[in-house]
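Working notes, beginning with the structure itself.
Below, chains carry the letters A, B, ... as their sequence lines are ordered, and counting in each starts from 1. Predicted model only: the values in this text are computed from it and were never measured.
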Amino acid sequence: MGNNAQTGGNDATSRICSVLALVPRGRVITYGDLAEMAGYPRAARLAGQTLRKLPPDTKLPWHRVINAQGRISLPEPGAQRQRDKLETEGIVFLNGRVDMARYRWRP
DNA sequence: CGTTTGACGCGAT
DNA sequence: GATCGCGCCAAAC
């Protein structure tokens with residue numbers, strides 16, 4: 001297991017991945033919340049950087065992470081793929097945005 | 001070892 | 001709503 005990039009070590013990456021794994025299907029989480037739940041309040045960028053490093057074959061629900069505005073932050077062509085995955089889970093995009101009041105996952 | 005960059009967030013203007 | 005500035009943390013330069 002050379003990949004500690006998912007759930008191996010005890011650093012920021014693995015903590016963020018652990019939280020990410022909890023996000024249920026059909027729901028989304030913001031970068032800020034993801035970082036906060038992982039123990040890094042106000043470090044939204046850390047979450048984004050961590051996601052960017054995920055291997056393409058990851059089983060983590062990376063697509064359920066969007067920005068606080070309900071928009072996809074991932075640049076094309078990834079954005080199209082992410083949106084497609086989210087819509088498959090039943091999430092509705094209205095004018096390029098997700099209704100955060102409805103889909104935002106906050107335990 | 002200092003600076004820049006990035007799948008960000010939020011208050012202030 | 002659009003912009004700006006600052007905070008945060010790791011990796012790349």
Bounds of contact between DNA chain C and chain A, in 5' to 3' order, using a heavy-atom cut-off under 4.0 Å: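 Contact boundaries, 5' end first: C:dG7 to C:dA11.
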Sugar-phosphate, base or nothing in reach of A:L74, heavy atoms under 4.0 Å: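 If one applies the 4.0 Å heavy-atom cut-off, A:L74 turns out to touch a base.
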Nucleotide range of DNA chain B lying under 4.0 Å from chain A heavy atoms: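 Range of nucleotides within reach of chain A: B:dG6 to B:dC10.
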Among A:R27, A:R25, A:Q82, the one residue meeting side chain to side chain contact (heavy atoms under 4.5 Å, CB included) with A:R64: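 So, applying the side chain to side chain contact (heavy atoms under 4.5 Å, CB included) to A:R64 and each of A:R27, A:R25, A:Q82, only A:R25 qualifies.
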What is the distance from atom [atom1] of [X] to atom [atom2] of [Y], rounded to the nearest 0.5 Å?
X: A:Y103; Y: A:I66; atom1: OH; atom2: CD1; answer: 10.5 Å
X: A:N67; Y: A:T30; atom1: CG; atom2: OG1; answer: 8.5 Å
X: A:E87; Y: A:H63; atom1: CD; atom2: NE2; answer: 12.0 Å
X: A:L20; Y: A:M37; atom1: CG; atom2: CE; answer: 10.5 Å
X: A:M100; Y: A:R71; atom1: CE; atom2: CZ; answer: 12.0 Å

P spacing across the pair B:dT4 / C:dG5, given as an integer number of angstrom: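 Roughly 15 Å separates the two P atoms.
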Exam field: side chain A:T58 to backbone A:L54, donor-acceptor pair closer than 3.5 Å: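 No.
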Given DNA chain C, 5'-ward residue of the pair A:R52 and A:P41, judged by closest heavy atom: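 With A:R52 and A:P41 compared, the 5'-side residue is A:P41.
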Electrostatic pair A:R104-A:D99, nearest N-O below 4.0 angstrom: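 Result for this pair is no, no salt bridge flagged.
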